[in-house]
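Order of listing sets the numbers, starting from 1, for every ligand and every atom in it.
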Amino acid sequence: MTEAEYEVIKISDNSWRIEDDMVRAFLFEGTERVLLVDTGFGNGDIKDVVEGLTQKPVMLVNTHADGDHTGGNNLFEKAYMHPCEYSFYYESKPADSVVSPLWEGDIIDLGLRKFEVILIPGHTSGSIALLDCDNRILIAGDSISETPIFMFGNMRSVHAYIDSLEKLSGLSNSFDTIYPSHGPFPVGTDLIEKLIAGANKLLRGELEAEEPPFEVPAKMYVADGAAFFYE
Ligand SMILES: [Zn+2]
């Protein structure tokens, strides 16, 4: 895959989304450096794409360590993520891969553009969101999406997921727009309440198991405006 096979869409001045088949990465530019959020499946050279957009130093941050978000990490010197993702990350990466921690409340300062790290365990234990207070944008990774949220497997916890969504709901006077990694872009803040309601119904067994539209080792559960893959 070459650069031409990525779809690069300018969101606003100094913000781009980089669409890699089923998942998207983001690039945000400040006066000093750029923030790359995730690296897709790693099918092509996303570093090349980034360097075609900016010459500034790149800070790579992963919203979480799922393979569709870290596939191109090897092209960069170092990746930042929450340490609760490390063990899962190293299951699929060379032992000498360099990672650095991002903690709850850390501020990523790009120069005249800042993002705050918010820990939102549930989809994975070290999933993070990034809050751009000045521009009222939340980058939500896989935790908020109109497409089904993957909630099956070892690293997931629906209970923690609901608590994390409640946490984001409590912060929702700080943002108007949510940037998800999958599905329609962008989404509104009302999706948070729909996902909370849907996840609670999922736990209470009130949703009916449906066959997923593609092969995935789980069933699909659909609530009003929210959907999940869950066993
Ligand atoms: Zn994903």
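Taking 2.8 Å as the criterion, Asp142 counts as a coordinating residue of the Zn ion (ligand 1), since one of its N, O or S atoms falls below it. For His182, the nearest N, O or S atom to the Zn ion (ligand 1) falls under 2.8 Å.
Within the 3.5 Å criterion, the main-chain N or O of Gly105 finds no donor-acceptor partner in the side chain of Glu116.
Classification of Glu29 and Lys56 as a salt-bridged pair holds, one side-chain N sitting under 4.0 Å from a carboxylate O.
Under the 30°/60° scheme for interplanar angles, the aromatic rings of Tyr161 and Phe228 are found to stand perpendicular.
The Zn ion (ligand 1) is the vertex of the angle joining OD2 of Asp68 and NE2 of His69, which measures 100° to the nearest 10°.
Between Val99 and Lys78 the shortest side-chain heavy-atom distance does not fall below 4.5 Å.
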